[in-house]
Amino acid sequence: MPFQNHAAFLVDKQNKPLEVRSAPYTKPGPDEFVIRAAAVVINPVDLIMQVAAKLAFSYISNLHVLGHDVAGEIVEVSDNVDATQFKVGDRVVGHAVGFDKRSKGAPEGAFQEYVVLRTNLSAKIPDYISYDRACVIPLGFSTAACGLFQKGTLALAHPKTSKPISQDKTVLVWGGSTSVGANAIQLARAAGYDVTTASPKNFELAKELGASQAFDYNDPDTSNKIIQYLKGKTCAGALSIGCGSLEACITITAAPQRNKVVVQCSVPLVMTHARPGMLGLVGMVFWFVKMAITARIKGVSTKMVNGSDLMANEVSQACYPDFLGQAMSAGQFVPKPDPYVVGHGLEAIRQAFDYYRNNKISASKLVVTL
């Protein structure tokens, strides 16, 4: 007998609150399983979807289910999935990709009781890590992995759970205290790369995660300091995360003897507190054009990544099933940033959206338990 499912639906694309309604239970297809969700994360992109779906994401239909980050227990597994990899009863964390055009849509959104996950975007959770701690991983992890390892981005060697072979190269992560940054530091170190990061605080955390050097990006001379630090080192490229990061990374990688590739993991306009409006969109277009011209003049290649792109290439298998679960069990990888639980139940997701709009969220992720 199918499980009785409920979901927090995007009822239309006009910035109306999410509504909790009955939802179909969807059986897993090949290389998929279904989990009973225990904890989900509210990300800025979920708020952007609510306020700007009509303008920015026309392919998203009404009655869509948002949400990327989810952790829970497997309740049903496709027949073709090896039981040694995933089985009913396993505790897992996964990247829900209902937001992506290539997915099944609503059944793969995180904000519901029963979520369809893909085996190549999921990992087992060790017993000592709670669901609310584990669920902060996926979107930041996937975005960092896209930037570091995909062909066409930095294309670095893949992470290993064994002692990594030193690559004798340094990766710059601008925004190391962010969700993407914290994951990028750990992934790059597990692949054998030295990591330099820039963040406004949490230097000790950055170094605990594996960064060899941390700089304060509020210091106006930080770019020059990083250029001096990288002299004599082979730079494998840069990840830019947060406002001002792309400009700084272009300046740094334009210096002689650098891999002149900057992977852009975020945009400066965060549309979470108000409707973006036409002026906001025009400003964003102008900024993209300006950055493209600046990069070209300086001989730097910039690339934008989307975390769900991982679903369509070999990097997902290398980072999720082959690395993440074992790395967490061994203490080689820790879930960051820390969770901040703001409520329980699907109804609490709506309140969590309001909390996000009215408060500054720093060094944590908003979590709702189910």
Using modelled atom types only, decide if a donor and an acceptor are shared between the side chain of [X] and the backbone of [Y] within a distance under 3.5 Å.
X	Y	value
Arg102	Met311	no
His68	Gly94	no
Asp46	Gly67	yes
Arg36	Glu73	no

Would you please test Ser212 and Asp194 for side-chain hydrogen bond (donor to acceptor under 3.5 Å, both in side chains) and show each step?
-> CA-CA 7 Å; Ser212 59; Asp194 177 67; 2.5 Å; yes

Hits for salt bridge (Lys or Arg N to Asp or Glu O under 4.0 Å) against Asp219, two or more places apart or cross-chain, chain-then-number order -> Lys225

Which residues share a salt bridge (Lys or Arg N to Asp or Glu O under 4.0 Å) with Glu76, sequence neighbours left out = Lys27

Distance col, row Asp132:CG vs His344:NE2, nearest 0.5 angstrom, shows 12.0 Å

What is the distance from atom CD of Gln332 to atom OG1 of Thr161, rounded to the nearest 0.5 Å?
-> 6.5 Å

Any chain of hydrophobic side-chain contacts (each under 4.5 Å) joining Phe323 to Ile165?
-> no

For Lys169, does the NZ atom sit with more than 12 other heavy atoms under 6.0 Å from it, leaving out its own atoms?
-> no

Atom OH of Tyr25: over 12 foreign heavy atoms under 6.0 Å | yes

Decide yes or no for [X] and [Y]: does some side-chain heavy atom of the first lie under 4.5 Å from some side-chain heavy atom of the second?
X	Y	value
Thr197	Ile185	yes
Lys365	Cys135	no
Leu18	Leu10	yes

Applied to residues 133-157, the side-chain hydrogen bond (donor to acceptor under 3.5 Å, both in side chains) test, sequence neighbours excluded, yields His95-Ser142, Arg133-Asp338, Ser142-Tyr320, Gln150-Asn313

Exercise: do Gln317 and Asn120 side chains pair donor with acceptor under 3.5 Å = no

Are the aromatic ring centres of Phe141 and Phe333 under 6.0 angstrom apart?
-> yes

